[in-house]
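Here's the structure we're looking at; comments come further down.
Computed from a predicted structure; not experimentally measured.
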Amino acid sequence: MKFLTTVLLLFAFSSINSQNIYLKNIHVFDGNSDNIIKNSAIKIKNGTIEWIGKQLSADPKDYTSIDGLGYYLMPGMIDAHTHISDLKAAERALNSGVTTVRSASTSSYQDVALANLSKTGVIAGPDVISAGVYVSPNLGETILADPRLSALSNGVRTDDELRLLVQINADRGVGVIKTRGTERAGLPETDPRQQTYTTAQLKVVVDEAAKHNLKVMVHAHGDEGARAAVEAGALSIEHGTYLSYETLTLMKAKGVYLVPTLITIEDLKIPGGEYSNPTLELRGRSMMPEAEQAVKNAIALGVKIATGADNDYSAESTTRVSLEAEHFVRLGMTNFQALQSTTKVAAELLDILDKTGTIEVGKEADLILLPKNPLENIMALQDVLMVISNGKVAIKRIPFHLTD
């Protein structure tokens, strides 16, 4: 009953925010150019950006006018590695300025359901590229997600088992396949450098996914597992903590993206964080310098890097892509490069740049309002004042005057 009430409230909220919007008195970072377009305005109609230009002398009729108070507008942020699995988590993502996410797996296809709720307008967002069930050697409790997974209760290792899991995911309507090249970092009993699937096994996953027009993201901390994934045709390497210069060079040559999730490694080493384990605290301390060097090398080589927070946006979590962007600047990116990593580059990775990731006429109105210029202060991303997702005012934290 509580779930139904939440859905109905969200539906009502999205409905009252479906009007056409005229957003004025703003300075715009469009995601394409390394400058701010000052004293601008935007018209939003039917969920898309209809017009961008200098502020009009009079507010247009048939639009709800919103005064941006001279603040800074930019594309909504993209989290390319998340585990959102409920409505409250989706709301928290929106609160942080994230208007699009790529799931890195959920236990029971909750991400597929969330993708449908956003697509049909039941919730304002974020839009979701779903991954469904993780293609991993041991499914554990996730065999409960679909009756067909019972055939994989003893493991997912043979070519036929790998193909079957990809097929089930595709049948459930996922938008991407996630598999692994190495073990996890967030479990005390596993070593994140240990390789799990070979190049041949990963290629089976990639080839089967391609039959369903799906790309493959690969969890890989260790270099050997990451290189196997790159050689197998992976779209992106998730984490990449111990990536060698040689593997990064190969990634650059093949156009493979890196999603470092540095903010999660930072969480590992913080006492009392989400993981809160002395073994993991020590592990995080040893992993962070390795991950930082990998990112520095990737930046120097020109490997495409996208932001990912690698969390489930729980009530206790503080890991956010805004903090990931701050890490990128600390490690050598310009503010412009970091902003593109969380907008345009991430949209390229998700193959949705024709829809979002930049502020352009004809694209979805996925927009966030910031109090300061993010090209000068990357920490402005941590103080989102308003979120417009799919043309709907999803979050507002500023006083503004509405005029019909």
Side-chain angles (χ1 to χ4, degrees), residues 3 79-90 93 101-117 128-192 194-198 201-202 204-206 208-209 211-212 214-221 225 229 234-236 238-239 259 261 264 274-275 277 280 308-314 317:
F3 175 84
D79 188 338
H81 187 118
T82 185
H83 296 277
I84 288 176
S85 60
D86 60 59
L87 291 167
K88 279 295 184 183
V101 302
R102 180 180 65 164
S103 173
S105 76
T106 55
S107 62
S108 299
Y109 296 104
Q110 299 99 320
D111 52 354
V112 175
L114 285 167
N116 184 64
L117 290 174
V128 180
I129 308 297
S130 57
V133 170
Y134 198 175
V135 180
S136 186
N138 298 293
L139 295 184
E141 291 288 324
T142 58
I143 64 168
L144 300 176
D146 189 293
R148 292 169 290 182
L149 294 175
S150 62
L152 303 174
S153 59
N154 292 323
V156 186
R157 297 177 180 84
T158 69
D159 291 0
D160 286 343
E161 289 166 344
L162 291 165
R163 292 190 187 99
L164 176 60
L165 184 45
V166 172
Q167 290 164 6
I168 293 171
N169 275 329
D171 184 62
R172 292 296 296 262
V174 302
V176 67
I177 296 294
K178 187 195 177 185
T179 188
R180 70 162 69 250
T182 69
E183 287 288 356
R184 288 187 58 186
L187 294 175
E189 64 271 19
T190 60
D191 189 322
Q194 182 180 343
Q195 189 171 351
T196 52
Y197 284 142
T198 65
Q201 288 172 310
L202 290 170
V204 169
V205 175
V206 170
E208 186 61 34
K211 294 177 183 177
H212 304 277
L214 297 171
K215 301 290 187 180
V216 178
M217 58 191 293
V218 181
H219 164 108
H221 285 283
L235 173 65
S236 64
E238 312 299 303
H239 316 304
V259 185
T261 68
T264 296
E274 274 194 78
Y275 296 91
N277 177 282
L280 296 181
D310 189 20
N311 73 349
D312 59 3
Y313 288 87
S314 69
S317 170

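Between Tyr197 and Leu162, some side-chain heavy-atom pair lies under the 4.5 Å cut-off. Val216 places none of its side-chain heavy atoms less than 4.5 Å from the side chain of Lys178. For the pair Met217 and Ser236, the minimum side-chain heavy-atom distance is below 4.5 Å. In this structure, Thr182 and Gln194 have side chains that are not in contact, with every pair of non-hydrogen atoms separated by 4.5 Å or more. Ile168 has its side chain out of reach of Val133: every pair of non-hydrogen atoms, C-beta onward, lies at least 4.5 Å apart.
Contacts of Asp191 classified as salt bridge (Lys or Arg N to Asp or Glu O under 4.0 Å), with partners at least two apart in sequence or in another chain: Arg193. With sequence neighbours excluded, the residues forming a salt bridge (Lys or Arg N to Asp or Glu O under 4.0 Å) with Glu208 are Lys211, listed by chain and number. In this view, His221 and Thr241 satisfy the side-chain hydrogen bond (donor to acceptor under 3.5 Å, both in side chains) rule, not counting sequence neighbours. Listed by chain and number, the residues in a side-chain hydrogen bond (donor to acceptor under 3.5 Å, both in side chains) with Thr261 are His239 (sequence neighbours excluded). Residues that satisfy the side-chain hydrogen bond (donor to acceptor under 3.5 Å, both in side chains) test with His81, not counting sequence neighbours, are Glu238, Asp310. Listed by chain and residue number, Ile84, Asp86, Arg92, Tyr313 satisfy the side chain to side chain contact (heavy atoms under 4.5 Å, CB included) test with Ala89 (two or more places apart in sequence, or in another chain). Residues satisfying the side chain to side chain contact (heavy atoms under 4.5 Å, CB included) test with Leu187, not counting sequence neighbours, are Arg184, Glu189, Thr190. Here Asn116 pairs with Thr120 under the side chain to side chain contact (heavy atoms under 4.5 Å, CB included) rule; sequence neighbours left out. Thr106 meets the side chain to side chain contact (heavy atoms under 4.5 Å, CB included) test with Ser85, Ser103, Gln110, Asp111; sequence neighbours excluded.
Considering all non-hydrogen atoms of both residues, Ala170 and Leu214 come closest at CB-CD1, 4.1 Å.
A distance-only check finds a donor-acceptor pair linking the side chain of Thr82 to the backbone of Asn311 [under 3.5 Å]. Although no hydrogens or angles enter the test, the distance criterion places no donor-acceptor pair under 3.5 Å between the side chain of Asp312 and the main chain of His83.
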Return all side-chain donor-acceptor pairs below 3.5 angstrom for residues 134-142, not counting sequence neighbours, or 'none' if the list is empty.
unit_1	atom_1	unit_2	atom_2	d
Ser136	OG	Arg180	NE	2.9
Asn138	OD1	Arg157	NH2	3.0
Thr142	OG1	Leu139	O	2.6

Do any side-chain atoms of residues 145-154 form donor-acceptor pairs under 3.5 angstrom with protein atoms, and if so which ones, sequence neighbours left out?
unit_1	atom_1	unit_2	atom_2	d
Asp146	OD1	Arg148	N	2.9
Asp146	OD1	Arg148	NE	3.0
Asp146	OD2	Arg148	NH2	3.0
Asp146	OD2	Arg172	NH1	2.9
Arg148	NH1	Asp171	OD2	2.9
Arg148	NH2	Asp171	OD2	3.1
Ser150	OG	Pro147	O	2.9
Ser153	OG	Ser150	O	3.2

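Looking at Val206, Ile129, Leu235, Ile177 one by one, the single match for side chain to side chain contact (heavy atoms under 4.5 Å, CB included) with Lys215 turns out to be Leu235.
Using a 3.5 Å distance cut-off with no hydrogens or angles, the side chains of Arg163 and Thr158 do not pair a donor with an acceptor.
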